[in-house]
Amino acid sequence: MLVPDTSPIITAPPERPLRLAIFGSTGSIGASALDIVRQFPQHFKVVALVAGSNSAKLNEQIQEFKPRLAALATPEAASRLDTSGIACEVYSGEAAAAEIAAHPDVDTVLAAIVGSAGLRSTLRAIEAGKTVALANKESLVAAGALVAKAQAISRAQLLPVDSEHSAIFQSLHGQRRCDVAELILTASGGPFLHTPKEDLCSITPAQAVKHPRWSMGAKISIDSATLVNKALELIEAHWLFAVPQSAIRVQVHPQSIVHSLVAYTDGTQMAQLSVPDMKGAIAYALRFPHGRLPEVMRPLCLSQVGKLEFFEVDNERFPAISLARQALDAGGAMPALFNIANEEAVAAFCQGQLRFDRIVPLIESVLSRLGQQSYTNLDELLAIQQRGRDAARELL
Ligand code: NAD
Ligand code: MG
């Protein structure tokens with residue numbers, strides 16, 4: 001090689017398989033992660049599986065992966081788990097997930113619970129010094145300051161799973177941080193990229209969950225349709241890479257091939273490209289710093305893709321990103337309120353109680369009703385979140 005080798009110093013494979021706790025194992029990210037474990041049993045051993053209420057699916061996963069620990073969100077759901085013949089301890093509740101996150105048999109937690117339900121366990125994993133492969137962006141959006149504080153003490157490694165942040169992480173590799181000018185998040189634009197503003201009022205949940213490029217859980221699909229997902233990702237990028245919101249740009253890229261970019265001070269941009277498949281980002285995080293695993297995704301053929309387009313965001317039709325910038329600038333619990341109000345709004349939209357085009361205005365109303373609030377610990381943050389939920393429900 002003529003150019004300097006910028007590969008990480010640690011190149012030897014670990015001596016034993018990485019002991020994985022998969023949180024949100026029955027979901028879209030969880031299923032992709034288990035595919036990777038199936039493909040590379042020499043590298044990964046599942047020691048814990050945690051999910052919400054899908055006991056049938058978790059039962060299948062327990063039979064196949066034989067974890068030592070399993071948990072569901074409620075005792076009622078956990079009572080439907082069958083671990084006969086398997087040395088698997090069953091737990092239930094949010095406290096159980098947090099306990100498993102800190103368990104001595106766990107090396108890495110894949111945090112892929114959806115929404116604020118993942119907050120406590122993600123934070124606990126960081127506090128316990130575990131490596132956290134983070135899909136659950138909502139926990140960083142809500143509690144970025146607490147996560148940063150905990151990580152400064154425990155030195156836990158936080159690795160992005162969100163495809164955009166993985167792309168940025170990969171595009172920063174081997175570069176000097178002082179040479180970075182800007183981060184550029186790409187956004188597919190969702191299913192309503194070209195829908196006129198006046199038609200956004202009549203969109204149904206069934207239309208909103210149909211993402212044109214990615215196959216994902218329901219909540220993130222709706223977040224992608226409102227561009228709230230990109231708003232959350234902007235806040236996520238701010239915390240992950242310690243970059244002010246003013247230095248994070250968003251560009252619409254409907255083909256979802258360029259997963260994000262880093263702009264450098266000399267005018268160069270570095271990007272990461274692949275077919276839209278979360279397995280690439282999941283495998284990169286789970287394997288870090290040991291490089292890439294072979295054949296986790298279909299190879300990309302750019303001549304088959306044909307064209308790659310990039311547009312500016314239409315902030316008038318999709319005001320979520322501007323609102324997230326304001327929330328970050330206001331600081332304190334504003335991003336947490338943004339996130340919790342969105343959760344309530346999406347739930348109401350799914351139940352037919354809120355129009356699609358009222359989701360972001362509802363978030364804005366919650367933010368202006370409650371105003372800037374500060375917190376110093378998780379309990380205070382959870383209390384503020386509860387006030388945010390209550391305000392959203394009242395406004396609904
Ligand atoms: P999903 O709806 O498919 O799965 C969610 C998982 O969380 C399920 O296993 C569910 O049982 C579990 N869960 C829900 N409530 C729970 C609770 N109270 N306690 C324990 N477990 C609970 O969602 P997903 O698409 O896999 O997304 C998961 C997370 O990853 C989200 O934060 C999402 O934003 C993020 N993410 C997803 C994708 C993707 O392609 N799906 C991409 C980037 C980031
Ligand atoms: Mg993403």
Side-chain angles (χ1 to χ4, degrees), residues 21-35 48-61 70-78 81 91-101 109-122 132-142 159-169 185-190 209 211 213-224 227-237 240 250 253 256 258-260 272 276-282 285 297 339 342-343 346-347 350:
I22 301 190
F23 283 30
S25 67
T26 59
S28 167
I29 292 287
S32 294
L34 289 172
D35 280 345
L49 292 172
V50 176
S53 58
N54 191 342
S55 49
K57 192 147 186 195
L58 188 58
N59 264 329
E60 284 170 24
Q61 294 177 344
L72 283 171
T74 63
E76 196 270 320
L81 290 181
Y91 299 88
S92 61
E94 206 186 354
E99 210 171 300
I100 292 175
V109 172
L110 173 65
I113 291 175
V114 60
S116 58
L119 175 52
R120 198 184 285 268
S121 55
T122 302
V132 175
L134 185 78
N136 176 228
K137 65 193 86 184
E138 294 93 340
S139 53
L140 205 54
V141 169
L159 300 166
V161 167
D162 216 346
S163 55
E164 295 77 1
H165 306 74
S166 178
I168 290 171
F169 184 51
L185 290 171
T186 53
S188 71
V209 295
H211 197 277
R213 303 277 168 198
W214 295 93
S215 156
M216 310 182 285
K219 193 234 170 204
I220 184 175
S221 298
I222 294 169
D223 289 350
S224 298
L227 263 68
V228 165
N229 184 50
K230 212 50 55 182
L232 298 175
E233 290 182 354
L234 181 120
I235 302 172
E236 183 186 16
L240 281 175
V250 178
H253 166 49
S256 297
V258 177
H259 297 303
S260 277
Q272 182 261 338
D277 182 343
M278 285 306 296
K279 278 191 215 161
I282 297 170
M297 294 180 284
N339 178 57
N342 176 58
E343 237 168 77
V346 169
C350 290

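Please read all numbers here as calculations on a predicted model, not as lab measurements. All ligand and atom numbering here is 1-based and tracks the order in the structure. If you read the sequence from its start, that first residue is 1, and numbering goes on from there.
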**Prompt:** Quick one: OG on S163 to CD on E233, what's the gap to the nearest 0.5 Å?
**Reply:** 6.5 Å
**Nitrogen or oxygen of G30 less than 3.5 angstrom from that of ligand 1** = no
**Item:** Q61 side chain to L49 backbone, donor-acceptor under 3.5 Å
**Value:** no
**Request:** Measure from the Mg ion (ligand 2) to every N/O/S atom of E233 and report the name of the nearest one.
**Result:** OE2
**Request:** Output the list of atoms in ligand 1 that are nearer than 4.0 Å to some heavy atom of G27, sorted by atom number.
**Result:** 1 (P), 3 (O), 4 (O), 8 (C), 9 (O), 26 (O)
**Asked** Does an N or O anywhere in T26 fall below 3.5 Å from an N or O of ligand 1?
**Response** yes
**Request:** Give the residue, atom name and distance (to 0.1 Å) of the protein heavy atom nearest atom 20 (C) of ligand 1.
**Result:** A51 O, 3.3 Å
**Complete:** ligand 1 atoms nearer than 4.0 angstrom to some heavy atom of G52 are 10 (C), 11 (O), 12 (C), 13 (N), 16 (C), 20 (C), 21 (N), 22 (C)
**Request:** Taking only heavy atoms of A135 into account, list the atoms of ligand 1 that are under 4.0 Å away from them.
**Result:** 30 (O), 32 (O), 35 (C), 36 (N), 44 (C)
**Request:** List the steps and the verdict of side chain to side chain contact (heavy atoms under 4.5 Å, CB included) for S116 and E343.
**Result:** CA-CA 8 Å; S116 58; E343 237 168 77; 2.8 Å; yes
**Request:** Starting from atom 43 (C) of ligand 1, locate the nearest protein heavy atom and write down its residue, its atom name and how far away it is, to 0.1 Å.
**Result:** D162 OD1, 3.0 Å
**Asked** Of D162, L159, T122, which is the lone residue that meets side chain to side chain contact (heavy atoms under 4.5 Å, CB included) with L134?
**Response** T122
**Message:** Are any of the N/O atoms on S163, whether in the backbone or the side chain, positioned under 3.5 angstrom from an N/O atom of ligand 1?
**Reply:** no
**Request:** Please state whether E138 comes within less than 4.0 angstrom of ligand 1, counting heavy atoms only.
**Result:** yes
**Fill in**
CZ (F169) and CG (L240) are apart, to the nearest 0.5 Å, by 9.5 Å
**Request:** Take L232 and V228 through the side chain to side chain contact (heavy atoms under 4.5 Å, CB included) test and state the conclusion after the steps.
**Result:** CA-CA 6 Å; L232 298 175; V228 165; 4.0 Å; yes
**Message:** Distance alone, cut at 3.5 Å: any donor-acceptor contact between the side chains of K137 and N229?
**Reply:** yes
**Item:** Protein residue, atom and distance nearest to atom 27 (O) of ligand 1, heavy-atom basis
**Value:** I29 CG1, 4.2 Å
**Message:** So that I can tick it off, tell me whether E138 and K219 are bridged by a salt bridge, with the cut-off set at under 4.0 angstrom between side-chain N and carboxylate O.
**Reply:** yes
**Fill in**
Per-atom filter on ligand 1: closer than 4.0 angstrom to a heavy atom of A117 are 17 (C), 18 (N)
**Asked** At a 4.0 Å threshold, what atoms of ligand 1 neighbour a non-hydrogen atom of S25?
**Response** 9 (O)
**Prompt:** Is there a nitrogen or oxygen of A73 sitting under 3.5 Å from a nitrogen or oxygen of ligand 1?
**Reply:** no
**ligand 1 contact by N54, heavy-atom criterion under 4.0 angstrom** = no
**Item:** Atom nearest to the Mg ion (ligand 2) - E164, N, O or S atoms considered
**Value:** OE1
**Request:** For ligand 1, indicate whether the residue M278 contacts it via side chain, backbone, both or neither (heavy-atom separation under 4.0 Å).
**Result:** side chain
**Prompt:** Is a donor on one side and an acceptor on the other found under 3.5 Å between the side chain of S92 and the backbone of A71?
**Reply:** no
**Message:** For A112, state whether at least one heavy atom is located under 4.0 Å from any atom of ligand 1.
**Reply:** yes
**Prompt:** Which of the atoms of ligand 1 are close to N136, meaning less than 4.0 Å from one of its heavy atoms?
**Reply:** 32 (O)
**Complete:** Per residue D162, nearest N, O or S atom to the Mg ion (ligand 2) is named OD1
**Message:** Between E164 and K230, is the side chain to side chain contact (heavy atoms under 4.5 Å, CB included) condition met? List the steps.
**Reply:** CA-CA 10 Å; E164 295 77 1; K230 212 50 55 182; 2.8 Å; yes
**Asked** What's the shortest distance from atom 14 (C) of ligand 1 to any protein heavy atom, and which residue and atom give it?
**Response** V114 CG1, 3.9 Å
**Asked** When rounded to the nearest 0.5 angstrom, what distance separates OG in S166 from NE2 in H259?
**Response** 9.0 Å
